Amino acid sequence: MFKALLIEKDDAGYRTRLQELDDARLPEGNVTVRVSHSTLNYKDGLAITGKGPVVRSFPMVPGVDLVGVVEASDHPDWRAGDAVILNGWGVGERHWGGLAQRARLDGDWLVPLPAGLTPRQAMAIGTAGYTAMLCVMALEHHGVKPADGEVLVTGAAGGVGSVAVALLARLGYRVVAASGRPAEAPYLKGLGAVDVVDRALFSAPGKPLGKERWAGAVDVVGGHTLANVCASMRYRGVVAACGLAGGMEFPATVAPFILRGVTLAGIDSVMCPRAERITAWQRLARELDPALIETMSREIALAEAIPCAEALMRGEVRGRVIVDVNR
Ligand code: NDP
């Protein structure tokens, strides 16, 4: 038997509860993992609360992330005792996920826990942090250098935003954090932001082109925010777009792209190829200050993930939430 959050949807409605499940109910897969920690990401918040159509089949164990130790494996890459991380691949959406004490998965989805990270730290990073690293890698790939000018991070006090601020500052960029929570300015400066601006500056419908300010940007918000960020990029600036916390639409014009050579780089963590994931995780282990990982995260028990998902959806959670699935 193992403990898990289980989402059910039937005539009685949509509900998520902590349950004790029989191992026989675990899905198909060639690797069984004893999970130590999971996390809460925006997508998990949508799944647990039912506020977004994330879950594709019911009943579902949510949790797009997990870290743990291989218990049994029929996959050539993994043996009992290996420490592994899983992020994405539809886990927690189509395949039972990480908010459980046990998971059965496809070994092709797993990456090794990098040397230098504890399981707890890995989940303090989670999909949010790994996506932040993919955004940083996209800015670098398209040639944005610290000397090129300021870099903007939107949704900065959230999970992706917090890790993006810390990583970019560590790499020497001048990071400006956009947040709707002025009280979090000291936190964001502690992560390395040189300035914190009100997210309201970006949230209303704007002009096709604005004053050129940002050499690079990481956007988790979408909607008018993403359109306004594109409009205020410097010549040949690069925007890494990974989120929709403010909306799915993209009410922009082509002006920034055809008149200023702006690049819009789309970031997807779910199906990202394995080699890139391994690079991202190795870099996270090397480049993210462990003291800042501690600053930006807090730990909860498995049952607390349900109320915490509601708080996440209300935009009240700062940074990252680690879930200890065994308490
Ligand atoms: P969080 O909830 O931790 O952070 C989101 C932040 O966005 C909030 O803290 C808030 O920051 C800001 N925000 C929320 N609502 C609004 C709004 N209406 N307008 C403007 N800003 C808003 O979520 P995550 O960091 O985990 O995820 C952020 C986004 O990135 C989500 O949309 C998520 O789905 C997406 N994502 C995408 C991935 C991918 O593979 N492409 C992977 C991981 C996440 P503040 O309070 O500072 O203003």
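Atoms within a ligand are numbered from 1 in the order they appear, just like the ligands themselves. All heavy atoms count here, side chains included; hydrogens, waters and symmetry mates do not. This one's a predicted model, so the numbers in the text were calculated from it and none came from an experiment.
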Can you tell if the side chain of [X] reaches within under 4.5 Å of the side chain of [Y], non-hydrogen atoms only?
| X | Y | answer |
| --- | --- | --- |
| Lys189 | Val194 | no |
| Glu276 | Thr279 | no |
| Val64 | Asp44 | yes |

Less than 4.0 Å is my threshold; does some heavy atom of [X] fall inside it relative to ligand 1?
| X | result |
| --- | --- |
| Ala156 | yes |
| Arg181 | yes |
| Leu244 | yes |

How far is [atom] from the closest protein heavy atom, and which atom is that?
| atom | answer |
| --- | --- |
| atom 3 (O) of ligand 1 | Gly159 N, 2.9 Å |
| atom 30 (O) of ligand 1 | Gly243 CA, 3.5 Å |
| atom 43 (C) of ligand 1 | Thr131 OG1, 3.6 Å |
| atom 28 (C) of ligand 1 | Val220 CB, 3.8 Å |
| atom 10 (C) of ligand 1 | Arg199 NH1, 3.6 Å |
| atom 2 (O) of ligand 1 | Tyr42 CD1, 3.4 Å |
| atom 4 (O) of ligand 1 | Gly158 CA, 3.3 Å |
| atom 15 (N) of ligand 1 | Ala245 O, 3.4 Å |

Location of contacts on Leu134 toward ligand 1, heavy atoms closer than 4.0 Å: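 None of Leu134 does.
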
CA sep, side-chain torsions, deciding dist, call: Arg170, Leu167, side chain to side chain contact (heavy atoms under 4.5 Å, CB included): CA-CA 5 Å; Arg170 173 78 172 238; Leu167 284 171; 5.7 Å; no

May I ask you to list the atoms of ligand 1 that are less than 4.0 angstrom from any heavy atom of [X]?
| X | answer |
| --- | --- |
| Ser269 | 39 (C), 40 (O), 42 (C) |
| Thr127 | 42 (C), 43 (C) |
| Ile267 | 39 (C), 41 (N) |

Any donor-acceptor N or O pair under 3.5 Å, side chains Thr32, Arg104: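 Per modelled atom types, Thr32 and Arg104 side chains form a pair under 3.5 Å.
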
Matching residue for Glu212 among Arg234, Arg236, Arg260 - test: salt bridge (Lys or Arg N to Asp or Glu O under 4.0 Å): Arg260

Spatial distance of atom CG (Leu40) from atom CG (Leu312) [nearest 0.5 Å]: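 Result: 6.5 Å between the selected atoms.
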
Of the listed options Cys242, Gly266, Ala241, closest to atom 39 (C) of ligand 1 (non-hydrogen atoms):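 Minimum heavy-atom distance to atom 39 (C) of ligand 1 goes to Cys242.
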
Option of least heavy-atom distance to atom 25 (O) of ligand 1 (set: Asp268, Leu46, Val160, Val54): Val160

Worked check of side chain to side chain contact (heavy atoms under 4.5 Å, CB included) between Val163 and Met296: CA-CA 8 Å; Val163 182; Met296 65 174 81; 3.6 Å; yes

Distance under 6.0 Å and angle within 45° of ring axis: Arg318 vs Tyr187: yes

Derivation and outcome, side chain to side chain contact (heavy atoms under 4.5 Å, CB included), residues Tyr42 and Leu244: CA-CA 10 Å; Tyr42 192 83; Leu244 44 57; 4.1 Å; yes

